[in-house]
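The structure appears right after this line, and notes come after that.
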Amino acid sequence: MNKIEAIDVNFFYGKFHALKDINMQIEERTVVAFIGPSGCGKSTFLRLFNRMNDLIPDTHLHGQILIDNQDIYQKGVAVDELRKSVGMVFQRPNPFPKSIFENVAYGLRVNGVKDESFIRQRVEETLKGAALWDEVKDKLKQSAFALSGGQQQRLCIARAMAISPSILLMDEPASALDPISTAKVEELIRQLKKDYTVIIVTHNMQQAARVSDKTAYFYLGEMIEYGETKRIFTNPEKESTQRYITGRFG
Amino acid sequence: MIPYKKNYSTRKKRSQTLLFALFSLMSYSVIGILVLILGFIIVKGIGVINWEFISTAPEEGMTKGGIFPAIVGTFYLIIGSALFAFPVGIMSGIYMNEYAPKGKVVQFIRMMTNNLSGIPSIVFGLFGMALFVNTLGFGDSILAGSLTLGLLCLPLVIRTTEEALKAIPDSYREGSYALGATKLQTVQRIILPMGMPNIITGLILSVGRVSGETAPILFTCAAYFLPHLPNSVLDQCMALPYHLYVIATSGTNIEAQLPIAYGTALVLILIILIVNLLANVLRRYFDRKVKTN
Amino acid sequence: MRKPFERIIERLFACSGYITSVVIILIVVFLFREAFGLFKSPAVEEGYTIALNKNNKVSEDQFHAQTLKLVFDSEITNWSKLGGKDEEILLFRLDDITNYYSEDELGSDLENVPVCINRLVDSMPGIIAFIPKLYVASNFKGRLIEDVAITPADFLAGKEWYPTSTPSAQFGLLPLITGTLWVSLFAILFALPFGLAVSIYMAEIAPMKIRNIMKPMIELLAGIPSVVYGFFGLVVIVPFIQKIFHLPVGESGLAGSLVLAIMALPTIITVSEDAIRNCPRSMREASLALGASHWQTINRVVLPHSFSGITSAIVLGIGRAIGETMAVLMVTGNAAVIPTSLLEPLRTIPATIAAELGEAPAGGAHYQALFMLGVVLFFITLTINLAVERITKQQKS
Ligand SMILES: Nc1ncnc2c1ncn2[C@@H]1O[C@H](COP(=O)(O)OP(=O)(O)O)[C@@H](O)[C@H]1O
Ligand SMILES: [Mg+2]
């Protein structure tokens, strides 16, 4: 079953045509990687799935984005409800100026969960799920800024997981991390596939190859090619894809 | 699985709408205060202002006549303080951004500049009295008043200069050096002309500041009443803000003096309005010019 | 030809660079120089002296500005309080002389006054007399207290500011500093909710167009001269307060606080708006992406993140309020009493300097006391500036 479906998506920043006629289907519980040169529209496309682009003034969307067969851009859709089921992880770790515990609890609190014992339990559960629990269990009250960059990013993933979304959007989640932290985050992403549909934007070809089931290649606002990761990396259909991939592999 | 509250989303939205409405209401009431103050003084003062008012001296114990000497005095003080503060302030800004070793030195100077700008104007008045009036023997004079006011607006000039120069990309400096220009030539031919528009905006604003200050000139320069115009820098002078203070507080004939007070306040307000307008127009004009370049 | 010229110009730049530091040092030096004599100045009016009975052994150190006042206000009535014998204090001012001597005895040209005073002081063991030096007889048999000093305690802990008080001038800082803090505190209390609301509105809510109109208006609010605020306060706010609260006079702490609140608003607004704007977009987006509403994001992420910036804004606003002179001078009524309510007149440090320096002869105790107030004001604002410096530094790291 398709978890996400993009139908004839065109997106504009003012007059600038950033996404052109994109059609894409994403199945449930898969990891999809978006690759392509910088500025090609990967982030823009990703941010359509949780309506993050709504925040940028003077932008327009033509076409439809369906999640669970619901058009999320229809009138009457509560954006905060949508974002409860579509979590997002950003390029740079961006914890809140709060304690580690409160960072994870944040999503629950802002969505009206008041039951403290539930929150405590859920925070622990999520931190364990993000493989961070053992590292932080003794310092939950400390500021999240005290963690290392890699730990912060995993905290941000945990923060997104805490409200149990069904989709996780990740915009170059490991690009600001060292190799060891990157490996940990990648391991985590592979785990996540069990429960979540994951879309990950990455600049790193090996990373896409390592973690994703499917890969989409974007170029200048168009989706050039989309298919099984293995096939894309071994036998791309389009020359542009070929060039990008081989160029990167050196 | 997660015990979300029902309808929390709509409740959230409703309280947000209410709060934001409150904030905008409070914001508009602050603007309302400004409009009220300006409007009040304009309405009350507009009938007073005419050519005679701005071109004649006060008469009959300041119950009649105009405010010409006060306008002239304020003008002299602006010129005097500008002659001192502009060159020194701009040079100081240039030193901070172009010459001073980055890091500790610049930080120190910036800290001192901030400190100076935080010192109350009355303390400048005390200082000006102790140094210029008494120690250097200038007496109550335009010279002493101008220097005191100049010190007061120095931080503003320094800060705007520094900021204006900071905004100029290093590539221009490097380009100039690459052509064999010396540091001073680079500053003089490239950096200063490029920063000038923003510097000028700062200078204009500091003129506004100087024209409205009373406390620093209370004991260094301002005269309660002078029948004639000052004819040297060592003379006292009248000044608009001090004049307003005097007729508003120590009047003996409130009825007759109040209109003059409104008129004086309006002239002060007009100066500030013009200064701010000019600064904004210039800023916008130059912003656009930079963008289209 | 070019080289030495360049070097001279560069020196000039460097000198200018340090001018603010030099000015601050000069301010310190000159304020102190003028103020310092205060604690060496006689508290008793020029030409007058204090005389005691010759058997009165109370130490001369006991006599300083505040005690002398307490004695003459009959708040100290027994010499034992000052370490002397258990004896009633008998006050004597020149006017009192007619209680003791008839006009005939004093002589038609008052030529016998010195003799009478001499006799009186000699015969009354408990007497303390405040008399012109002119009337001290050459064979004076009493004990003269030559220098009644103003001590640092008289200044710092004195509850009265009364420069023309006799027998000793009172330069007590307490009523002035409490007055200053009182109006400033309330000014900030009034200004803060509005300042925060406006900065949140401008940084987060208002459309670009409205912000572009509001910003210069706030700058204009900052540009209005303080005399104009004072004048507006005097003709609008003061009568309004008088009417609303049925007061004998409208000049009051409340009027001062309201005017100061308006004047502190631009500082609070610009500094906290900057702080709010400085909150990284990524942090905002992270919050929104978790389903938080805009307000929740502001309240739980943006404001905590801008906390130190907003603190700076408040502290700077307090600094502005404390140092403000003319507006406060015009609307607070300038009664030098320790304030207990907002509806009474009070007096601040800057207003005192502005109101009295013109009448204080240079070099006199009053003049020095006013410069001492300047010193106090200088250090208060310096502390505030350094605090802000510290807060912003913390924010950056
Ligand atoms: N807020 C914006 N306003 C205008 N143009 C934007 C904005 N964000 C991105 N763009 C433009 O849209 C294009 C796609 O950007 P983006 O989706 O961020 O690329 P990617 O993530 O693939 O590097 C780029 O050309 C970029 O300049
Ligand atoms: Mg991107």
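Order of the sequence lines sets the chain letters (A, B, ...), proteins ahead of strands, with each chain counted from 1.
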Quiz item: Can you say whether Ile109(B) sits under 4.5 Å from chain C via the side chain, the backbone, both, or neither, judging by heavy atoms?
Solution: both
Quiz item: Quick one: what part of Val275(B) sits under 4.5 Å from any heavy atom of chain C, side chain, backbone, both or neither?
Solution: neither
Quiz item: Side chain, backbone, both or neither: which part of Leu34(B) has a non-hydrogen atom closer than 4.5 Å to chain C?
Solution: both
Practice problem: Could you look at Ile31(B) and say if it's the side chain, the backbone, both or neither that has a heavy atom under 4.5 Å from chain C? | Solution: side chain
Quiz prompt | Interface moiety of Met326(C) toward chain B, non-hydrogen atoms closer than 4.5 Å | solution = side chain
Anything under 3.5 Å between a donor and an acceptor, one on a side chain of residues 17-27 of chain C, the other on a protein residue two or more places apart or in another chain? List them.
| residue | atom | partner | partner atom | Å |
| --- | --- | --- | --- | --- |
| Thr20(C) | OG1 | Thr113(B) | OG1 | 3.4 |

Quiz item: Can you tell which of Glu34(C), Arg320(C), Lys215(C), Met214(C) has the highest number of heavy-atom pairs within less than 4.5 Å of chain B?
Solution: Met214(C)
Exercise. Using non-hydrogen atoms and a 4.5 Å limit, figure out which bit of Leu151(B) sits close to chain C: side chain, backbone, both or neither.
Key: side chain
Self-check item: Which portion of Tyr28(B) sits near chain C, non-hydrogen atoms under 4.5 angstrom
Solution: side chain
Practice problem: Check whether Leu277(B) gets within reach of chain C through its side chain, its backbone, both or neither, counting any heavy atom under 4.5 Å. | Solution: neither
Exercise. Can you tell which part of Ile269(B) gets under 4.5 Å to a heavy atom of chain C, answering side chain, backbone, both or neither?
Key: side chain
Exercise. Could you verify whether a donor N or O on one side chain and an acceptor N or O on the other, from Ser287(C) and Gln296(C), lie under 3.5 Å apart?
Key: no
Quiz item: Leu154(B) versus chain C, heavy atoms under 4.5 Å apart: side chain, backbone, both or neither?
Solution: side chain
Self-check item: Qualifying side chain to side chain donor-acceptor pair (under 3.5 Å) pairs with a residue from residues 219-233 of chain C, counting only residues at least two apart or across chains
Solution: Ser226(C)-Glu324(C)
Quiz item: In terms of heavy-atom proximity below 4.5 Å to chain C, should Ala100(B) be classed as side chain, backbone, both, or neither?
Solution: neither
Self-check item: Leading residue by heavy atom contact count with chain C [cutoff under 4.5 Å; candidates Met129(B), Met111(B), Met96(B)]
Solution: Met111(B)
Quiz item: Is it the case that more than 12 heavy atoms not belonging to Lys102(B) sit under 6.0 Å from its NZ atom?
Solution: yes
Self-check item: Region of Ile271(B) in contact with chain C, defined by heavy-atom distances below 4.5 Å
Solution: neither
Quiz item: Can you list every pair that meets side chain to side chain donor-acceptor pair (under 3.5 Å) and has a residue in residues 265-283 of chain B, with sequence neighbours left out?
Solution: none
Quiz prompt | Per-residue contact mode, Ser15(B) against chain C (heavy atom under 4.5 angstrom) | solution = neither
Quiz prompt | Residues in residues 369-379 of chain C that sit under 4.5 Å from chain B, counting heavy atoms only | solution = Leu370(C), Phe371(C), Gly374(C), Leu377(C), Phe378(C)
Quiz prompt | Contact winner vs chain C - Leu22(B), Thr249(B), Val30(B), heavy-atom pairs under 4.5 Å | solution = Val30(B)
Self-check item: Pair His243(B) and Tyr224(B), ring centroids less than 6.0 Å apart
Solution: no
Self-check item: When Lys44(B), Lys13(B), Met91(B) are compared by non-hydrogen pairs under 4.5 Å with chain C, the top option
Solution: Met91(B)
Quiz prompt | Which portion of Leu126(B) sits near chain C, non-hydrogen atoms under 4.5 angstrom | solution = both
Quiz item: Under a 4.5 Å heavy-atom cut-off, does chain C meet the side chain of Tyr245(B), its backbone, both or neither?
Solution: both
Quiz prompt | Contact leader toward chain B among Ile205(C), Ile298(C), Thr381(C), where contacts are heavy-atom pairs under 4.5 Å | solution = Ile205(C)
